[in-house]
K.L.:
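Here's a structure for you.
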Amino acid sequence: IVSCNWVDDFGRFPVFYSDIDDDRMFVVFDTTPIENLGRVITPKFGVISRSEKKFLSTHRVFRDSVEVFGFNERWNPYMPFSCKCAINQSKTKVAIGMTYLPQINILDVESGDVKCFRIENSPEERLTKSIVYYGSIQCDDKLIYALYQNLNSNMSSPDDYHKYQSELHIFNWNGE
C-alpha cells in the first residue's frame, strides 16, 4: 500500500477519506486552508492516486465549483460545507450528509454522477443560523443510515436539548 503524507502532498488534511483499492482513495477536503479565511471554497470531493499523489477525478456536490463569501464574524466560514461521509462496502458509492444543510448527496465514484436530496418541507437556510441537520452517516451496499438531528447548535442551556428528538433517516441508493 502506498502511503500519503497529506500536508506535503496536498497542503492539508482531509475531513474524510476511504480506500477504494490499493492505490485509489476517495477523499474530501473541506474548504480553503486555515490561513485564507477571507474566502471559502466549496469542498473538493474526488479520487486520488496515492502513488501519483494527485487527483484522478473530482466531483462537484454543489451547482457552482467555487462559492466565495466575505469573512463575517457572525458565522463560521466552514459551516455551510461541513459534511459526514460514508462509502459503501463495494467502494462504488458515497453517501454525504450535510451537517448544516438539510441535504443528503449520493455520489457514484466511477461515473461522478451526484444526486442531491433536500429534506422535504425544510425551512429556507441562512448562513447566520446554526442548525445541525446530519450528525452521522453510515451505509452498506443496500441502504444509507443518516442520523438527522435538526438541532440548534447555539442553544444556551442543556435544558433546551429535551425539545429536540433525533431521527434515523434510512434511504436506498436512489434516495428513496
Side-chain angles (χ1 to χ4, degrees), residues 14-18 26-32 39-47 57-72 74-176:
V15 294
F16 176 84
Y17 66 91
S18 182
F26 177 78
V27 66
V28 178
F29 289 105
D30 58 358
T31 56
T32 55
R39 290 171 48 87
V40 177
I41 299 176
T42 56
K44 192 168 197 175
F45 296 82
V47 176
S57 63
T58 57
H59 310 287
R60 293 180 1 194
V61 175
F62 296 91
R63 186 173 296 143
D64 299 317
S65 61
V66 177
E67 305 239 357
V68 179
F69 297 94
F71 180 66
N72 182 330
R74 296 181 337 195
W75 62 281
N76 178 341
Y78 295 115
M79 184 181 82
F81 312 115
S82 297
C83 61
K84 306 295 183 191
C85 300
I87 194 165
N88 67 351
Q89 293 160 320
S90 59
K91 309 293 187 179
T92 57
K93 293 186 180 179
V94 178
I96 304 164
M98 303 306 294
T99 306
Y100 296 103
L101 295 172
Q103 178 176 320
I104 291 284
N105 308 305
I106 298 174
L107 170 68
D108 184 300
V109 173
E110 297 300 322
S111 71
D113 290 338
V114 178
K115 297 176 188 172
C116 301
F117 303 94
R118 184 176 171 85
I119 301 305
E120 197 171 318
N121 299 321
S122 58
E124 180 182 331
E125 291 307 306
R126 300 192 187 282
L127 294 175
T128 54
K129 290 186 353 184
S130 294
I131 305 295
V132 175
Y133 290 100
Y134 286 101
S136 180
I137 195 159
Q138 298 294 321
C139 62
D140 55 30
D141 281 337
K142 293 182 180 179
L143 297 172
I144 300 166
Y145 309 92
L147 179 63
Y148 182 77
Q149 295 181 295
N150 195 22
L151 181 68
N152 184 337
S153 64
N154 290 330
M155 287 186 290
S156 58
S157 167
D159 295 332
D160 292 337
Y161 285 92
H162 77 278
K163 299 174 189 173
Y164 295 90
Q165 290 184 344
S166 296
E167 299 173 354
L168 182 62
H169 289 181
I170 302 173
F171 299 88
N172 65 21
W173 286 99
N174 295 318
E176 298 164 343

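Numbering of residues begins at 1 and proceeds along the displayed sequence.
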K.L.:
Please tell me if the side chains of Asn174 and Lys115 come closer than 4.5 Å, counting only heavy atoms from C-beta onward.
P.N.:
yes

K.L.:
Answer whether the closest heavy-atom distance between the side chains of Phe45 and Asn105 falls below 4.5 Å.
P.N.:
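The answer is no; the side chains never approach within 4.5 Å.
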
K.L.:
Is there a side-chain contact between Thr92 and Asp108 (heavy atoms, below 4.5 Å)?
P.N.:
no

K.L.:
For Gln138, check side-chain contact (heavy atoms from CB on, under 4.5 Å) against everything at least two apart and list the hits.
P.N.:
Ser136

K.L.:
Would you check if the side chain of Asn88 reaches a backbone N or O of Lys93 as a donor-acceptor pair within less than 3.5 Å?
P.N.:
yes

K.L.:
At their closest point, which heavy atom of Cys116 faces which heavy atom of Val114, and how far apart are they?
P.N.:
SG-CG1, 3.7 Å

K.L.:
Got a second to check how far Leu147's CG is from His169's NE2, nearest 0.5 Å?
P.N.:
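So the CG of Leu147 and the NE2 of His169 are separated by 9.0 Å.
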
K.L.:
Heavy atoms, side chains only, cut-off 4.5 Å: are Cys85 and Ile96 in contact?
P.N.:
yes

K.L.:
Taking all atoms of both residues into account, what is the closest heavy-atom pair of Ile87 and Phe26, and its distance?
P.N.:
CD1-CB, 4.2 Å

K.L.:
What are the two closest non-hydrogen atoms of Gly135 and Lys84, and how far apart are they?
P.N.:
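Smallest interatomic distance, heavy atoms only, reads O-CE, 3.3 Å.
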
K.L.:
List in chain and number order the residues that pass side-chain contact (heavy atoms from CB on, under 4.5 Å) with Asp140, two or more places apart in sequence or in another chain; answer none if no residue qualifies.
P.N.:
Gln89, Lys142, Leu143, Tyr145

K.L.:
Taking side chain as C-beta onward, heavy atoms only, is Tyr134 less than 4.5 Å from Ile119?
P.N.:
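Heavy-atom side-chain distance check passes, below 4.5 Å.
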
K.L.:
Grab the two heavy atoms, one from Ala146 and one from Phe171, that are nearest each other, plus how far apart they are.
P.N.:
CB-CE1, 4.4 Å

K.L.:
For Tyr17, does the OH atom have more than 12 heavy-atom neighbours from other residues, nucleotides or ligands under 6.0 Å away?
P.N.:
no

K.L.:
Between Ile137 and Ala95, what is the shortest heavy-atom contact and its length?
P.N.:
CD1-CB, 3.8 Å

K.L.:
Would you say that Val94 contacts Val109 through its side chain, given a criterion of any heavy-atom pair below 4.5 Å between the two side chains?
P.N.:
yes

K.L.:
If you measure from OG on Ser90 to CG on Asp141, what distance do you get to the nearest 0.5 Å?
P.N.:
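The OG atom of Ser90 sits 3.5 Å away from the CG atom of Asp141.
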
K.L.:
Heavy atoms only: give me the nearest Ile144-Asn172 pair and the separation to one decimal.
P.N.:
CD1-O, 4.0 Å

K.L.:
Please examine the side chains of Cys83 and Phe16, heavy atoms only from C-beta on, and report whether any two atoms are closer than 4.5 Å.
P.N.:
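No; the side chains remain at least 4.5 Å from each other.
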
